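Okay, structure first, notes after.
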Amino acid sequence: MSVRVLPDFLVNQIAAGEVVENPASVVKELVENALDAGADQIVIDVVDGGRTSITVIDNGCGMSREDLEKSVMRHATSKLPTDDLTNITYMGFRGEALPSIASVSDMTIDTFSNGAPNGWQLNATTGDVRPSNWDSGTRIRVENLFARTPARLKFLRGDRAEVMSVLEIVKRLAMARRDVGFVLNNKWFFPKNQDLLERMAAVMGDDIGGRMLEINASSESSELSMTGFISEPTLRRASSVDQFLFVNGRPVKDKVLVGALRAAYMDVMHAREFPLCALFLELNPRNVDVNVSPAKTEVHFLEPAHVRAFIIKNLRARLADTLVDNVARDGGVVLAHADISRLADVVPQQMNMHAPRADNFDKNNNFGNKNFSVKYVRDDFNRATDFTGNNIITNDENKNVASVDDAFDEFPLGRAIGQIGDKYILAESGDNLVIVDQHAAHERITYERVRNHKIITQPLLTPIVVNMRDADVVAVMTVADELKSSGLVLDTFGDTAIAIFEKPAAWDLNWAQLLHEIADEVRENGHSVQLNEKLHLKLANWACHHSVRAGQKLDLNQMNALLRDIEHTTRGVQCNHGRPVYKIIPISDLDIMFERI
Ligand code: ADP
Ligand code: MG
């Protein structure tokens, strides 16, 4: 076996393996080049899913004849005028895309640069250059992609799937560059100079109207800032298609960011559902490396845990605000924040949290200045926790409470007036009709109630020792504090084992497996969500199974008690699975419906 220096065409084909995965990656490289050339109109056409041809036309600066010839040479770029790799202002700089694409297709470039007497056309396969009547910007046409590499061709999916991937790439770039107009296959249009909300509607669909929450946050040191929009939890998708994340203006699909987004919604959305977002993270370029992968979708944060915590904290705060917002917007009343501790009651022993405090139920609970006798209501909700069939609960002696009308003035969700379908509570609040999904409401309340309790840990007589590789031990120990706050107290046990001294009393999990999973996660992402996620799942299921069911009849007192509890519950707007808990309909809308105005 003798060593040989590979010929250029082979080197390019090998490089193409990394850069040119499918038609979408070709489009990405060509559109990025167009953006780098200063274009503000880019037209993309993809025929037969990209197999037959991919054309990108731009109105950028174009190339002179000399530059055109050099552009398809390996490692030839106009984007590193100095030798400084730390100061990259363009999307590309490797000088690899054009030669790589040319090596696996038939590529032709038409281009015109200002001041030139005419345009030029290059046939990248033959290397021929000839004058052309092209008179503005650049057109790159890629035909017969992968025809010379049948193995790659085999991996292409159906035309529609490939076009959808192309669309996704175009959407990402269109979201990043709202000053530029994009047209794909004469079917998808993203006009230039849209504002962010307009662009989001064009990219994500009109159903986002009025349902995106604005984010505007910066860290104390101002080293890190985040702007953009996230969806109300009731607005969600079955996949991550409508999650748009940017770091210093570049579209990325970074694990740290995706994980943080998911963690922020953990309490309000099912793990199999995906919030929508367009989030722009800006940080000092010194603290992030954007060039770790050739496709540049992943980034390396210097302090991933810091970035993650910043995102989670700010998004959660915004989501928790939605109740106050909605009530203020829809009902014209601002919700007074109440002491949530008064809810500290129905927590079952089997969760090993605080035991139920019977004395709470006997007192008249104090809502604002008004006293309501809700003793039996709470008892009944307790009973409802074991509820399996239909159960009609009535209690006449407290019926009068609901008729004290003005007592309800200050409650955002108002006064219950009845129940329909044994599923929905109707209430009147100022000039609004309020409709509440009773199951969703109670589930939310129960979940938040449980969540607010401290986890009880159980010291172990004999510590559980888990053997691991030393790198894994180190990884787990970096999140030891986080684990401790979730009830798992551990320490190193020599170099290659970890000993668990205390565990959350309520759980028995496969600890060895959990620690290994945590170690993998930490090594990969710099953090772990395993433990919190498991806790979350347990709580959400518990809350769902111990909540008032749809189909259960409630009396006015029970309904009012439920309304008051929702008002005092963080994130009361959605149930744990993200369904809405209530809707507010202004009477003025009813007036319109009845043609009174
Ligand atoms: P890179 O973008 O990393 O520089 P490419 O292989 O993608 O490498 O492109 C090589 C060079 O060709 C670019 O540096 C640029 O000078 C030129 N070029 C490519 N596409 C265009 C375009 N659409 N308009 C003007 N110049 C272009
Ligand atoms: Mg490029």
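Indexing begins at 1, ligand by ligand and atom by atom, following the structure's order. Only a predicted model underlies this, so the values are computations on that prediction, with no experimental measurement involved.
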For [X], take its heavy atoms, then give the atoms of ligand 1 lying under 4.0 Å from any of them.
X: Ala76; value: 10 (C)
X: Glu96; value: 6 (O), 8 (O)
X: Ala97; value: 6 (O), 7 (O)

Heavy-atom gap [X] to ligand 1 smaller than 4.0 Å:
X: Asp58; answer: yes
X: Pro99; answer: yes
X: Glu29; answer: no

Would you call [X] and [Y] a salt bridge, using N to O less than 4.0 angstrom?
X: Asp179; Y: Arg199; result: no
X: Asp159; Y: Arg51; result: yes
X: Glu66; Y: Lys70; result: no

For [atom], which protein heavy atom lies nearest, and how many Å away is it?
atom: atom 6 (O) of ligand 1; value: Leu98 N, 2.9 Å
atom: atom 15 (C) of ligand 1; value: Ser78 OG, 3.4 Å
atom: atom 2 (O) of ligand 1; value: Lys79 NZ, 2.7 Å
atom: atom 27 (C) of ligand 1; value: Met63 CE, 3.6 Å
atom: atom 20 (N) of ligand 1; value: Asn33 CB, 3.3 Å

Practice problem: Carefully, step by step, assess Thr111 and Thr138 under the rule side chain to side chain donor-acceptor pair (under 3.5 Å). | Solution: CA-CA 4 Å; Thr111 189; Thr138 301; 2.9 Å; yes

Polar atom proximity, [X] to ligand 1 (N or O, under 3.5 Å):
X: Gly95; result: yes
X: Cys61; result: no
X: Thr77; result: yes

Practice problem: Step by step, work out the salt bridge (Lys or Arg N to Asp or Glu O under 4.0 Å) result for Arg236 and Asp242. | Solution: CA-CA 9 Å; Arg236 57 211 194 252; Asp242 284 327; over 6 Å; no

Quiz item: Do the side chain of Asn185 and the main chain of Val46 share a donor and acceptor less than 3.5 angstrom apart?
Solution: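 Present.
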
Quiz item: Does Glu96 offer a backbone N or O that forms a donor-acceptor pair with the side chain of Arg74 under 3.5 Å?
Solution: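 Answer holds: no.
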
Exercise. Measure from atom 11 (C) of ligand 1 to every heavy atom in Gly62, Ala37, Ser71 and give the option owning the shortest one.
Key: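 Heavy atom nearest to atom 11 (C) of ligand 1 belongs to Ser71.
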
Quiz item: Does Met91 put an N, O or S atom under 2.8 Å from the Mg ion (ligand 2)?
Solution: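 No N, O or S atom of Met91 is closer than 2.8 Å to the Mg ion (ligand 2), so no.
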
Quiz item: Do Arg237 and Asp207 pass the salt bridge (Lys or Arg N to Asp or Glu O under 4.0 Å) test, and can you show the C-alpha distance, the side-chain angles, and the key distance before you say yes or no?
Solution: CA-CA 11 Å; Arg237 299 280 189 251; Asp207 63 331; 2.9 Å; yes

Practice problem: Identify the two heavy atoms, one from Phe244 and one from Met175, that lie closest to each other, and give their separation to 0.1 Å. | Solution: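 Looking at all heavy atoms of both residues, the shortest contact is CD1-CE, 3.6 Å.
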
Exercise. Run the numbers on Arg250 and Glu32 for salt bridge (Lys or Arg N to Asp or Glu O under 4.0 Å), then give the verdict.
Key: CA-CA 11 Å; Arg250 282 169 190 266; Glu32 286 186 353; over 6 Å; no

